[in-house]
Amino acid sequence: MIELDRVGRSFKVKRSVVHAVQDLSFTVSAGEFVGYLGPNGAGKSTTIKMLCGILTPTSGKVRVAGLDPSRRRTTLARRIGVVFGQRTTLWWDLPLADSFQLIRHLYRVDRATFRTRLDELTETLDLGGFLRTPVRQLSLGQRMRGDLAAALLHAPEVLVLDEPTIGLDVVSKAGIRAFLQRVNAEQGTTVLLTTHDLGDIERLCRRVMVIDHGRLAFDGTIDDLMATAPGQSSIEDVVTRLYTGEASLPGSP
Ligand SMILES: Nc1ncnc2c1ncn2[C@@H]1O[C@H](COP(=O)(O)OP(=O)(O)OP(=O)(O)O)[C@@H](O)[C@H]1O
């Protein structure tokens, strides 16, 4: 469903070049729920932007649902849902319900399918109390649930999430995690989740990939990840050792 083959992306900054992603190869199969971890500046957002066609790779090949994202961005948009937790894709001054209507038109979802999906999403994400509220008046947790609904209204096969639980309280986080688990299990949606919240990773992902300095540093199960730092019992400690280069990497490619 997602394939990267020796992908690189660099940026020219003044007279130097930043290699945000380098020689990155991985495959995510249909129905997987994969965590994508890495320290600040590791290249996660750059990867995600290449997956949805916002950025073109400088080298290598990206395929999502069989499509080249930067060349087929409009076609791909119908098959991928993306949530950037740090900024909304909703219309700031419009009530949530009106944003959803606009999305229905943009994605050409027929009226009956839209109604059924919106009813389902309203129930599972508990949106009923604020569908008529302008997005700018929503709390962060409400806005995030709105963004998730917006990303899923057109029933995409792939869902890419960039920090979807950032800034949320424990109850809101638990609600969003349960929702994501359900979407993956019941609809078979492939999910790639970027987060700094290791609770998200522990509760949701069987497989974890770690990127560091633009390169894949680890790809394996949570158990494999824990085995990189024997004697450490918490995932926080294991990931800290990985980020600081203190762990050995049996699962690394
Ligand atoms: N448009 C850009 N122009 C120049 N440099 C960029 C640009 N976008 C990203 N970078 C650089 O590429 C590197 C990777 O950035 P990226 O945003 O992908 O990291 P990240 O893993 O998402 O980090 P964070 O966890 O802090 O969000 C960083 O050094 C960043 O400064």
Side-chain angles (χ1 to χ4, degrees), residues 1-28 34-65 67-74 76-77 80-89 147 151 158-167 191-198 200-201 205 207-220 224-225 228-229 235-253:
M1 188 58 75
I2 300 175
E3 282 178 77
L4 272 77
D5 185 17
R6 287 181 286 166
V7 170
R9 170 70 210 205
S10 44
F11 297 99
K12 287 202 182 87
V13 184
K14 294 183 183 157
R15 283 192 199 146
S16 64
V17 177
V18 177
H19 298 286
V21 166
Q22 302 180 66
D23 199 26
L24 184 63
S25 300
F26 64 78
T27 303
V28 176
V34 181
Y36 194 46
L37 283 181
N40 291 131
K44 302 178 299 295
S45 297
T46 304
T47 311
I48 286 182
K49 286 175 190 163
M50 290 192 284
L51 294 181
C52 43
I54 299 172
L55 282 176
T56 308
T58 333
S59 56
K61 192 173 94 175
V62 178
R63 291 289 177 272
V64 178
L67 300 167
D68 177 343
S70 54
R71 286 170 189 259
R72 308 286 307 282
R73 198 168 158 190
T74 315
L76 180 64
I80 191 172
V82 186
V83 174
F84 290 101
Q86 308 237 35
R87 60 193 151 87
T88 185
T89 48
D147 263 297
V158 188
L159 182 61
V160 176
L161 305 165
D162 193 354
E163 302 196 55
T165 58
I166 191 164
V191 186
L192 184 72
L193 167 70
T194 286
T195 180
H196 289 296
D197 188 318
L198 298 171
D200 289 348
I201 299 286
C205 308
R207 176 178 166 202
V208 188
M209 296 189 291
V210 180
I211 183 173
D212 196 8
H213 293 98
R215 295 179 187 275
L216 198 61
F218 174 87
D219 184 355
D224 295 337
L225 182 69
T228 62
I235 189 167
E236 275 83 4
D237 291 342
V238 172
V239 169
T240 304
R241 285 173 64 91
L242 202 55
Y243 286 3
T244 53
E246 287 173 42
S248 57
L249 296 171
S252 61

Under 4.5 Å between any side-chain heavy atoms of Leu192 and Val158, yes or no? no
Residue list, side chain to side chain donor-acceptor pair (under 3.5 Å) with Asp162, at least two apart or on another chain: Ser45
Of all heavy-atom pairs linking Val21 and Val7, the shortest is CG1-O, 3.4 Å
Where do Ser70 and Leu55 come nearest, in terms of heavy atoms and distance? CB-O, 4.4 Å
All heavy atoms of His213 vs all of Gln22, minimum pair found to be O-NE2, 3.2 Å
Evaluate Leu37 against Phe218 for side chain to side chain contact (heavy atoms under 4.5 Å, CB included), listing each step before the verdict. CA-CA 9 Å; Leu37 283 181; Phe218 174 87; over 6 Å; no
State, to 0.1 Å, how close Arg73 and Cys52 come at their nearest heavy-atom pair, and which atoms those are. CG-O, 3.7 Å
Residue pair Ala20 / Phe11: nearest heavy atoms and the distance that separates them: CB-CE1, 3.6 Å
Can you sort out the partners of Arg207 under side-chain contact (heavy atoms from CB on, under 4.5 Å), two or more places apart, ordered by chain and number? Phe26, Val28, Glu32, Val34, Met209, Asp219
Can you check whether Thr228 reaches Arg241 side chain to side chain, under 4.5 Å on heavy atoms? no
Return the minimal non-hydrogen interatomic distance between Ile48 and Leu161, and the atom names on each side. CD1-O, 4.1 Å
Rounded at 0.5 Å granularity, tell me how far CD1 in Ile201 sits from OG1 in Thr195. 6.0 Å
Over 12 non-hydrogen atoms of neighbours within 6.0 angstrom of CZ in Arg63: yes
By side-chain contact (heavy atoms from CB on, under 4.5 Å) - contacts of His196 (at least two apart): Asn40, Lys44, Glu163
Could you name each residue pair satisfying side-chain hydrogen bond (donor to acceptor under 3.5 Å, both in side chains) that touches residues 46-58, not counting sequence neighbours? Tyr36-Thr47
Would you please name every residue forming a side-chain contact (heavy atoms from CB on, under 4.5 Å) with Arg71, sequence neighbours left out? Asp68
As a test of understanding, state which of Ile54, Ile80, Val62, Ile2 forms a side chain to side chain contact (heavy atoms under 4.5 Å, CB included) with Pro69. Val62
Please identify each residue that fulfils side-chain contact (heavy atoms from CB on, under 4.5 Å) with Ser25, with sequence neighbours left out. Asp5, Arg6
Quick one: side chain to side chain donor-acceptor pair (under 3.5 Å) partners of Thr165, sequence neighbours excluded? Asp200
Could you tell me whether the side chain of Leu51 reaches within less than 4.5 Å of the side chain of Leu4, counting heavy atoms only? yes
In chain order, what residues pass the salt bridge (Lys or Arg N to Asp or Glu O under 4.0 Å) check against Asp23, with sequence neighbours excluded? none
